[in-house]
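Working notes for the structure below.
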Protein chains: 2
Amino acid sequence: MANIQQVAKQAGVSVATVSRVLNGQNIVSSKTRVKVEDAIKKLNYEPSMLGRNLRNSESRLLLILIPTISNPFYLEIIQGIETFAISQNYNILLCETDSDPMKENIYFDLVRKKMADGIISMDPAVNVETLKTLAEKYAIIQCSEYEENSGIPYVTIDNEEASYRAVKHLIQIGHKKIALMNSDEKYLYARQRIKGYKRALEENGIIINNEYIIHTEHVGFENGQQAMKKILKIQDRPTAVFAVSDLLAIGALKEINTNGLHVPNDIAIVGFDKIDFSNMTNPTLTTVAQPMYKMGTVAAKMLIDKIRGEHVESIILDHELLIRESTSG
Amino acid sequence: MANIQQVAKQAGVSVATVSRVLNGQNIVSSKTRVKVEDAIKKLNYEPSMLGRNLRNSESRLLLILIPTISNPFYLEIIQGIETFAISQNYNILLCETDSDPMKENIYFDLVRKKMADGIISMDPAVNVETLKTLAEKYAIIQCSEYEENSGIPYVTIDNEEASYRAVKHLIQIGHKKIALMNSDEKYLYARQRIKGYKRALEENGIIINNEYIIHTEHVGFENGQQAMKKILKIQDRPTAVFAVSDLLAIGALKEINTNGLHVPNDIAIVGFDKIDFSNMTNPTLTTVAQPMYKMGTVAAKMLIDKIRGEHVESIILDHELLIRESTSG
DNA sequence: CTGAAAGCGCTAACAA
DNA sequence: TTGTTAGCGCTTTCAG
């Protein structure tokens with residue numbers, strides 16, 4: 001395993017010159033450059049990131065914090081992050097926190113120990129105080145979920161507006177009894193989405209029925225099933241359900257089918273996220289499409305800018321309501 | 001940002017002693033140890049992995065190669081890998097190759113450049129020659145998909161047997177006209193699975209009908225839909241489908257439903273992998289369960305052993321046929 | 001039990 | 001245009 005010294009010796013130049021060739025600096029004469037390149041080829045030399053990283057005090061690694069990899073919502077965002085990161089010669093360290101402060105802390109240690117140059121946090125359950133403290137010394141961006149007034153830049157969508165439009169769509173196709181499957185309101189997005197839900201109802205003169213509002217601990221498939229069980233037991237049964245995640249919606253769909261009811265004839269459903277599977281169900285799911293890939297690239301760009309010491313502004317991206325079979329017979 | 005020097009000065013000891021404390025070596029007197037620990041606390045010192053890694057010529061990073069993150073099959077494996085890796089103070093670098101040799105090469109460069117200490121390859125489309133060459137110098141393990149006689153250790157299941165059992169199950173519940181949705185036979189697992197399929201049919205005196213064997217380019221949802229379209233057009237229509245991935249099976253299910261047919265009454269379906277979604281469809285999917293999490297932990301253990309210079313043997317793990325609604329009305 | 005010093009592989013300031 | 005050299009932060013050998 002050759003190192004830069006050996007290449008220098010082989011080429012009959014100094015290590016500085018080799019380094020210059022390696023880093024594409026144009027101040028090297030083409031004759032010397034060729035000598036060096038030959039030596040590199042001959043010795044099968046590969047520069048060590050270890051040495052370079054220490055010297056440059058950087059790891060060129062980006063820490064991505066997600067609650068769990070099994071929520072497909074994050075997949076496309078991650079692809080966006082990765083693509084941009086690679087283009088800038090960064091790589092990503094994908095970290096599942098399981099919303100567990102202990103695991104979270106293990107990962108935070110990676111940036112404290114210089115193993116990562118910055119963090120993109122997508123974990124709604126992240127310890128905000130720790131994050132804020134960390135943000136004083138390290139580059140941090142929040143993606144999708146964020147903390148207001150934390151001073152940490154974020155990229156997200158207008159959750160209230162998205163929710164408002166989803167519910168309005170249900171109203172427009174004739175629904176008045178609309179249930180909301182929301183996650184815990186300790187999460188900002190949950191508070192924003194219920195706000196949009198209520199605004200849509202109120203604007204259309206529909207009285208809010210608290211029985212129709214279900215909170216779930218997580219936003220997974222089983223939670224959707226459980227929540228739907230409750231909804232189906234309601235005396236004056238809703239004719240539509242707006243779920244704040246596709247996984248919840250798919251759980252609801254399954255439960256409705258199991259009970260011999262039909263979507264959308266008996267109950268219409270709107271989900272949120274446009275995960276791949278929202279198109280594989282029967283019927284396909286009407287859902288709020290977040291520009292996930294874009295969100296990923298934007299987050300990555302923000303983080304890398306921040307690492308470079310530039311000033312970074314938060315960004316709100318557009319969303320879109322995708323009407324599919326679960327709301328249109 | 002304090003470094004080890006400053007800690008040493010603050011504690012009134014040498015950097016060597018600080019290093020010893022950091023690495024939990026017991027040859028330090030408890031009095032000195034306390035002094036050092038106090039200094040560390042006082043200066044808020046965090047040892048830099050960059051320095052340590054260079055010194056130790058290791059990155060403590062494991063490269064995980066997958067074709068795409070959007071195939072849920074890999075998720076649980078990755079969780080297994082990660083859990084074991086973390087327990088050994090390693091972290092993982094998750095890399096999507098998109099089965100693209102160019103991208104693949106970017107990632108291979110990471111190990112060549114010492115940015116990763118080893119590779120777990122799960123990409124069936126990996127360039128085997130490159131992998132073999134790499135394996136001469138670096139620690140490499142193949143997971144799930146592997147190349148025979150490559151000399152590179154692998155962990156996998158007995159694909160032929162798994163396939164055989166799946167098809168036998170269909171035969172036992174009365175099916176004779178069983179279609180196979182297989183992926184391209186350039187992949188070893190595809191060759192193994194068709195072998196199991198044929199063996200099951202032959203053993204039961206069922207003549208193999210080549211019209212019933214469909215090959216798909218990828219093993220995703222859309223491929224399943226397309227393949228099912230073809231199958232539905234066959235004159236003497238099969239009454240059962242064995243798909244080599246759950247995603248294919250879910251695509252088939254969707255297509256069958258779209259055509260007003262019923263699963264399993266009209267057509268039974270068996271999938272492969274037991275991805276999370278196989279339990280969310282309606283009906284739920286009978287599938288071959290691979291011990292994915294286990295496979296991940298085993299692969300990680302094998303890789304880390306290999307990095308440590310130990311000898312590593314290939315391992316075949318058990319699988320299980322999980323009978324659910326799609327084969328039992 | 002502790003310290004001095006070398007060195008992992010690289011980059012960049014400075015000198016020539 | 002090129003070379004010399006210091007040093008990034010750490011671990012470890014060797015001496016004491």
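Every chain is numbered from 1, with letters handed out A, B, ... down the list of sequences. Every heavy atom of this structure was used, including side-chain atoms; hydrogens, water molecules and symmetry mates were not.
With hydrogens and angles ignored, the 3.5 Å screen pairs a side-chain donor or acceptor of A/N127 with a backbone N or O of A/T130. Judged by distance alone, with hydrogens and angles left aside, the side-chain atoms of B/N23 form no donor-acceptor pair with the main-chain N or O of B/Q25 at under 3.5 Å. Looking at B/N3, its side chain does come within 3.5 Å of a backbone N or O of B/Q6 through a donor-acceptor pair. A distance-only check finds no donor-acceptor pair linking the side chain of B/E96 to the backbone of B/I66 [under 3.5 Å]. At distances below 3.5 Å, at least one donor-acceptor pair connects side-chain atoms of B/T133 with backbone N or O atoms of B/E129.
Remark: B/D38 does not engage B/K42 in a salt bridge, criterion side-chain N to carboxylate O under 4.0 Å.
Across all strands shown, A/L50 has no heavy atoms under 4.0 Å from either base or sugar-phosphate atoms.
Straight-line distance from the CD1 atom of A/I40 to the P atom of C/dG9: 16 Å, rounded to whole Å. In this structure, CG of B/L43 is placed 14 Å from P of D/dG9, rounded to the nearest angstrom. When the P atom of D/dG9 is taken as reference, atom NZ of B/K9 falls 14 Å away, rounded to whole Å. Distance CZ (B/R60) to C1' (D/dC10): 14 Å, rounded to an integer number of Å. We find that CG of B/L54 is positioned 12 Å from C1' of D/dG7, with the value rounded to whole Å. Spacing between atom CD1 of B/I27 and atom P of D/dC14 amounts to 14 Å, rounded to whole angstrom units. We find that CZ of B/R112 is positioned 19 Å from P of C/dG9, with the value rounded to whole Å. If you measure from atom CG of B/N26 to atom P of C/dT2, you get 12 Å, rounded to the nearest angstrom.
For the helix from C/dC1-D/dG16 to C/dA16-D/dT1, the angle separating the two terminal helix axes comes to 40°, with each axis derived from five pairs and the value rounded to 10°.
In summary, the side chains of A/S59 and A/D117 do present a donor paired with an acceptor at a separation below 3.5 Å, with no hydrogens or angles considered.
The 12-atom threshold is exceeded at NZ of A/K132, counting heavy atoms of other residues, nucleotides or ligands nearer than 6.0 Å.
Dashed line: the shortest gap from a side-chain N or O of A/S29 to OP1 or OP2 of D/dT2 is under 4.0 Å.
The two atoms that bring B/G80 and B/T297 nearest to each other are O-CG2, 3.3 Å, heavy atoms only.
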Dump the pairs, protein N or O against N or O of nucleotides 10-12 of chain C, anything under 3.5 Å, distances to one decimal.
{"from": "C/dC10", "atom 1": "OP1", "to": "A/Y45", "atom 2": "OH", "distance (Å)": "2.4"}
{"from": "C/dC10", "atom 1": "OP1", "to": "A/S48", "atom 2": "N", "distance (Å)": "2.7"}
{"from": "C/dC10", "atom 1": "OP2", "to": "A/I4", "atom 2": "N", "distance (Å)": "2.5"}
{"from": "C/dC10", "atom 1": "OP2", "to": "A/Y45", "atom 2": "OH", "distance (Å)": "3.3"}
{"from": "C/dT11", "atom 1": "OP1", "to": "A/N23", "atom 2": "OD1", "distance (Å)": "3.4"}
{"from": "C/dT11", "atom 1": "OP1", "to": "A/N23", "atom 2": "ND2", "distance (Å)": "3.1"}
{"from": "C/dT11", "atom 1": "OP1", "to": "A/R52", "atom 2": "NE", "distance (Å)": "2.8"}
{"from": "C/dT11", "atom 1": "OP1", "to": "A/R52", "atom 2": "NH2", "distance (Å)": "3.1"}
{"from": "C/dT11", "atom 1": "OP2", "to": "A/S19", "atom 2": "OG", "distance (Å)": "2.7"}
{"from": "C/dT11", "atom 1": "O2", "to": "A/R55", "atom 2": "NH1", "distance (Å)": "2.2"}
{"from": "C/dA12", "atom 1": "O4'", "to": "A/R55", "atom 2": "NH2", "distance (Å)": "3.3"}

